[in-house]
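Every chain is numbered from 1, with letters handed out A, B, ... down the list of sequences.
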Number of protein chains: 2
Amino acid sequence: MAFDLSVCFEQLLNVEGGEMAKTGTSSRLVDTVSPRSAGTRRLLVDAAIETLRVDGYAGASARAIAERAGSNQALVFYHFGSVVNLLLAALDAVSSDRLEQYDAAVDKVGSPAELVDVATAIFRQDLDAGYVTVLVEMIAGASSTPGLGAEVAARIGPWFAFAERAIEKSVGGSPLGSVLPAGDVAYGVVALYLGLEMLSHLEGERDRSLALFTHAKQLAGLFEAISGPTPKETP
Amino acid sequence: MAFDLSVCFEQLLNVEGGEMAKTGTSSRLVDTVSPRSAGTRRLLVDAAIETLRVDGYAGASARAIAERAGSNQALVFYHFGSVVNLLLAALDAVSSDRLEQYDAAVDKVGSPAELVDVATAIFRQDLDAGYVTVLVEMIAGASSTPGLGAEVAARIGPWFAFAERAIEKSVGGSPLGSVLPAGDVAYGVVALYLGLEMLSHLEGERDRSLALFTHAKQLAGLFEAISGPTPKETP
DNA sequence: GTCTATACTTGGATAGAC
DNA sequence: GTCTATCCAAGTATAGAC
């Protein structure tokens, strides 16, 4: 067997028929993964996130990432097989981390106004930490790398699903909810989220984006006043 | 007046003391532009647009663009000084072309429902021709190249201005218009537009985006019914 | 103005020592 | 698992022939 690179690679990336990687960081049964290895991978993934955030997709080279990780360029290929796979692992990390946060936050939400409040806080977090930038860079960068598009698309799916759940939960039972399909609205909300992220980064337009949430809050209040006190109370 | 492309080019290369958009070899005052030169530049700009669209920012190299133009790699540097400058020229071309179209289309619009109709047609055009992809790629790519962000931002400005005018025109006089500042709404609309473009490209999600316009049409109709026949009739 | 040739740099990826 | 060294491909940019 000589190198467990193949094994490790299997475990790590779960590559099947396709050319591109499937899962993210650990996966599989983790018996054989040394803590040292895990630590390095972690460092590389974190550095990849930071690099995507700061230097964008085009600037996310193995060398740039490794340097930021205080590590070695060759390790990128040892642990992830290719740069793109590392970037996908980074996207996985961001995605699961954020969705967990979103779920926890929305769990406590009942009314549309509350939903907007929570969304505002979350958006501010995302913006400051640059999480969604990673997503945006991967989507935009996908054009440059054959096969990457499908991988990224698969990782965005859960974002739609989450948005749909959140919308369904807070406005699903209302008259508006029966006119507008939650799925379509969710799609639009995710699109808006991505777009705001892009524009915010382009200049010091952070405040401009946040202003929109203020307006949304007003509209949510208006909406609640019209359609009744709490949408959850009419099962 | 022949081509105002030359004028555009002048502007592009005359950007002040910054590091960006320094002039290349030629291009002084443009009295001396030969038709041959203009033709080549045109070819390169068009190829740059196409390359940004298909291969993204990271794939838009001088070689790739020149090959698509059936031209020579060295000409990129001769005519534009650098690859980024050519990409900015491409963005300029797309931007002015599209805004002209938008203006013409919105000029005939009165009611919100009409605005949505026009926007739908325009969006479908943009999507199929990939115009906005160019914009998206440049915004996302700006992270990788120091100084590019400001240049791109300057070129997006007119898009906000246009959106604001369009919104002001069709809902400005209504009760909703006095609650929601047209500028903020415009910012959100542009963001949504960019986000939908991104997502549409990620998969065959074209229809999903277009569905949103259908819903918007319904809402516009509802809005008109509530706030009166034609917003323009109450000056 | 356009082409070929070339200098120089960066990046992906592998080999092999430790 | 990690590091150094290295190969090779691709990219930017310039020089000089046509």
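- Atom P of nucleotide C/dG1 and atom CZ of B/F77 are separated by 18 Å, given to the nearest angstrom.
- Taking only side-chain nitrogens and oxygens, A/T40 never comes nearer than 4.0 Å to OP1 or OP2 of D/dG1.
- Between A/R165 and A/E168 there is no salt bridge, since no side-chain N of the basic residue sits under 4.0 Å from a carboxylate O of the acidic one.
- Distance CZ (A/R36) to P (C/dC18): 17 Å, rounded to an integer number of Å.
- No hydrogens or angles considered: a donor-acceptor pair under 3.5 Å links the side chains of B/H201 and B/T133.
- In this structure, CZ of A/F80 is placed 15 Å from C1' of D/dT2, rounded to the nearest angstrom.
- Straight-line distance from the CD1 atom of B/I65 to the P atom of D/dA10: 17 Å, rounded to whole Å.
- The nearest whole Å value for the distance from the CG atom in A/L87 to the C1' atom in C/dG12 is 13 Å.
- For A/R63, counting side-chain heavy atoms from C-beta on, the closest listed nucleotide (C/dG1, D/dT6, D/dG1) is D/dT6.
- Side-chain contact of A/D126 with A/Y102: a donor-acceptor pair under 3.5 Å is present, judged by distance alone.
- Taking the side chain of A/L75 as heavy atoms from C-beta on, and the options D/dG11, D/dC3, C/dT2, the nearest nucleotide is D/dC3.
- Considering only residues two or more places apart in sequence or on other chains, B/R124 meets the side chain to side chain donor-acceptor pair (under 3.5 Å) condition with none of them.
- The CZ atom of A/R42 sits 17 Å away from the P atom of D/dG1 (whole-angstrom rounding).
- Side-chain contact of A/R155 with A/S95: a donor-acceptor pair under 3.5 Å is absent, judged by distance alone.
- More than 12 heavy atoms of other shown residues, nucleotides or ligands fall within 6.0 angstrom of atom CD in A/Q101.
- Nucleotide D/dG11 holds its P atom 14 Å from the OH atom of B/Y57, rounded to whole Å.
- Applying the 4.0 Å criterion to OP1 and OP2 of C/dT10, one finds that A/S61 has every side-chain N and O outside that range.
- B/H79 has its NE2 atom 15 Å from the P atom of D/dT14, to the nearest Å.
- Every side chain to side chain donor-acceptor pair (under 3.5 Å) that A/D117 has, sequence neighbours left out, goes to A/K217.
- Using a 4.0 Å cutoff on non-hydrogen atoms, the parts of residues 66-74 of chain A near DNA chain C are A/Q73, A/A74, ordered by number.
- B/V76 comes within 4.0 angstrom of no nucleic acid atom, judged by non-hydrogen atoms across all strands.
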